[in-house]
Student: 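Below you'll find the structure I mean.
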Amino acid sequence: MNTATLALMIFLSVLMGAFGLFGLIWAIKNNQFEDYRKFLDGTKFDDEDALNDAYELEIRKKEAQKRARQNEP
């Protein structure tokens, strides 16, 4: 393997690593990994009926938010 190929491979691997690190830092900064409700809801809604109720509640919340946005001046 010649030197130019080796240099190109090293450059590309460093560039890909920099993009990966940038993406990770961006995700942490924008709270992409923060999901506080997931663990709490997982313990509250652990049977099928409770999960269905939670799903229906979430749908009603979204519909109420849509109606509130439509009623804004």
Student: Can you tell me how far the OH atom of Y55 sits from the CZ atom of R60, to the nearest 0.5 Å?
Tutor: 12.5 Å
Student: Hey, what do you get for OG1 (T5) to CD1 (I10), rounding to the nearest 0.5 Å?
Tutor: 11.0 Å
Student: Under 4.5 Å between side-chain heavy atoms, counting indirect links through other Ile/Leu/Val/Met/Phe/Trp/Tyr residues: same cluster for L15 and L8 or not?
Tutor: yes
Student: Hey, what do you get for CD1 (I28) to CG (L24), rounding to the nearest 0.5 Å?
Tutor: 4.0 Å
Student: To the nearest 0.5 Å, how far apart are CE in M16 and CG in L12?
Tutor: 7.5 Å
Student: Is the shortest heavy-atom distance from the side chain of D53 to the side chain of L57 under 4.5 Å?
Tutor: no
Student: Test E63 against I59 for side chain to side chain contact (heavy atoms under 4.5 Å, CB included), laying out the working first.
Tutor: CA-CA 6 Å; E63 289 173 355; I59 290 174; 3.6 Å; yes
